[in-house]
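Heads up: the structure comes next, in structure tokens.
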Amino acid sequence: QVQLVESGGGSVQAGGSLKLSCVVSGYTYSIYSMKCMGWFRQLPGKEREGVAAVDAVGSTLYADSVKGRFTISKENVKNTLSLEMNSLKPEDTAMYYCAADLFSPCGTGLPGTNDYGYWGQGTQVTVSS
């Protein structure tokens, strides 16, 4: 059974940086073979929104709100999906979740929650002004 575990969240001041990690276990092959992997964030009472995604060949997609500040990447040796977040803003405060799908490519637009079959439990990011 594929499992995703996030880490790296925390509290930071505006303008600071954090790097989130999502370790994948229970998957026989390299995470590079996963059709689509992504990061979402969610505030209490709000819908989960897509932040970034990366497909099997390394093509990336980003929400407009994070373009130029966030970078999604895969680290094969560690079987890890990362999200490097720079120039953080208070509005980036949320619970961040990683997600993966083994069969469906990311496509040309940022995938939604229904496009992923596996989810982590989340890691909290808090940005103070």
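Counting Ile, Leu, Val, Met, Phe, Trp and Tyr side chains that sit under 4.5 Å apart, directly or through other members, Leu43 stands alone, with no cluster partners. Using a 4.5 Å cut-off between side-chain heavy atoms of Ile, Leu, Val, Met, Phe, Trp and Tyr, Tyr32 forms no hydrophobic cluster with any other residue.
In this structure, NZ on Lys35 lies 10.0 Å from CZ on Phe103, to the nearest 0.5 angstrom. The distance from the CD atom of Glu49 to the CD atom of Gln42 is 9.5 Å, given to the nearest 0.5 Å. The CG atom of Leu18 sits 9.0 Å away from the OG1 atom of Thr123 when rounded to the nearest 0.5 Å.
Atom CD of Gln124 is surrounded by more than 12 heavy atoms from other residues, nucleotides or ligands within 6.0 Å.
Residues Met34 and Val24 are in side-chain contact: their nearest non-hydrogen atoms beyond the backbone lie under 4.5 Å apart. Using a 4.5 Å heavy-atom cutoff, the side chains of Leu4 and Cys22 are in contact. Looking at heavy atoms from C-beta onward, Glu75 lies in side-chain contact with Ser82 at the 4.5 angstrom threshold. Proximity of Leu88 to Phe70: side-chain heavy atoms (C-beta onward) are separated by under 4.5 Å at one or more points.
Remark: Arg48 pairs with no residue by the salt bridge (charged side-chain N to carboxylate O under 4.0 Å, His left out) rule, at least two apart or across chains. Partners of Lys46 by salt bridge (charged side-chain N to carboxylate O under 4.0 Å, His left out), not counting sequence neighbours: none found. In this structure, Glu91 has no salt bridge (charged side-chain N to carboxylate O under 4.0 Å, His left out) partners at least two apart in sequence or on a different chain.
Hydrophobic clustering, with ILVMFWY side chains joined whenever heavy atoms are under 4.5 angstrom apart, keeps Tyr97 apart from Val2. When hydrophobic clusters are built by joining Ile, Leu, Val, Met, Phe, Trp and Tyr residues whose side-chain heavy atoms come closer than 4.5 Å, directly or via intermediates, Met37 is grouped together with Leu102. Transitive grouping of hydrophobic side chains (ILVMFWY, heavy atoms separated by less than 4.5 Å) keeps Val54 and Val57 in distinct clusters.
At least one donor-acceptor pair under 3.5 Å links the side chain of Tyr62 to the backbone N or O of Ile72. Distance alone, capped at 3.5 Å, is enough to place a donor-acceptor pair between the Asp101 side chain and the Gly117 backbone. Thr93 contributes a side-chain N or O that, together with a main-chain N or O of Val127, makes up a donor-acceptor pair within less than 3.5 Å.
Each ring-ring contact (aromatic ring centres under 6.0 Å, His included) pair with one or both residues in residues 33-56, not counting sequence neighbours, appears once here: Phe40-Tyr116, Phe40-Trp119.
Between Lys67 and Asp64 there is a salt bridge, with a side-chain nitrogen of the basic residue lying less than 4.0 Å from a carboxylate oxygen of the acidic one.
The two residues Gly122 and Glu6 have their closest heavy-atom pair at N-OE1, 2.8 Å. What you find for Ala56 and Lys74 is that their closest heavy atoms are CA-NZ, 3.9 Å. Closest non-hydrogen pair, Leu61 versus Pro111, comes out as CD1-CD, 4.2 Å. Between Ile31 and Leu81 the shortest heavy-atom distance is CD1-N, 4.3 Å. Nearest heavy atoms, Ser21 versus Thr80: CB-CG2, 3.9 Å. Residues Ser17 and Asn86 come closest through the heavy atom pair OG-OD1, 2.8 Å.
Partner of Met85 under the side-chain contact (heavy atoms from CB on, under 4.5 Å) criterion, chosen from Asp92, Val125, Val51: Val125.
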